[in-house]
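A short worksheet on the structure shown next.
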Amino acid sequence: MPYRITDACIACGDCTVVCPCRAIVEENRRFGRKGGFQEGKDDAAGNTSPGSPAAFFRITDACDGCGCCREVCPAGAIVWQD
C-alpha cells in the first residue's frame with residue numbers, strides 16, 4: 001500500500017468518501033465522527049496503536065496510490081508509506 005494513516009487522523013471519514021477504489025475501510029468504530037477517541041502513537045514501523053483514531057481506519061491492498069485521500073484529509077494524516 002503506498003499510503004498509511006497516521007496518528008494525526010481525526011476520524012472524519014472524508015478519505016473513505018473520496019477513495020475511488022474503496023480501499024479505505026472502517027474497523028472497530030466505537031464513537032461518532034470527529035472525536036471521542038483515546039490518544040495513540042505510531043511506532044517506528046508505522047503501525048498505529050489500538051487507541052488512536054487511525055486504528056479505526058485501514059488502507060487495504062485495493063489502493064492504487066492515486067492520492068485522493070491524501071488531498072482531502074483536513075488533518076494531513078495520510079502520508080506516503082516508505
Problem - Residues which pass side chain to side chain contact (heavy atoms under 4.5 Å, CB included) with Val17, listed by chain and number, not counting sequence neighbours - result: none
Handout entry: side-chain contact (heavy atoms from CB on, under 4.5 Å) between Arg70 and Val79, intermediate numbers included
Key = CA-CA 7 Å; Arg70 184 176 176 195; Val79 298; 5.8 Å; no
Fill in the blank from the handout: residues 61-82 vs ring pair (Phe, Tyr, Trp, His ring centres under 6.0 Å), sequence neighbours excluded, gives Tyr3-Trp80
Completion exercise
All heavy atoms of Ala8 vs all of Ala75, minimum pair found to be O-CB, 3.4 Å
Problem - Donor-acceptor pair, side chain of Thr16 and main chain of Ile24, under 3.5 angstrom - result: no
Exercise for the section: Please answer whether the main-chain N or O of Ala77 pairs with a side-chain N or O of Thr6 as donor and acceptor at a distance below 3.5 Å. Expected result: yes
Problem - Close side-chain approach of Cys68 to Pro20, heavy-atom, < 4.5 Å - result: yes
Handout entry: Heavy-atom side-chain contact between Asp14 and Cys73 under 4.5 Å
Key = no
Exercise for the section: For Ile78 and Cys15, run side-chain contact (heavy atoms from CB on, under 4.5 Å): C-alpha distance rounded to whole Å, both residues' side-chain angles, the deciding distance at 0.1 Å, then the answer. Expected result: CA-CA 9 Å; Ile78 300 174; Cys15 57; 3.7 Å; yes
Exercise for the section: Would you name the heavy atoms of Phe57 and Ala11 that are closest together and state the gap between them? Expected result: CE1-CA, 3.7 Å
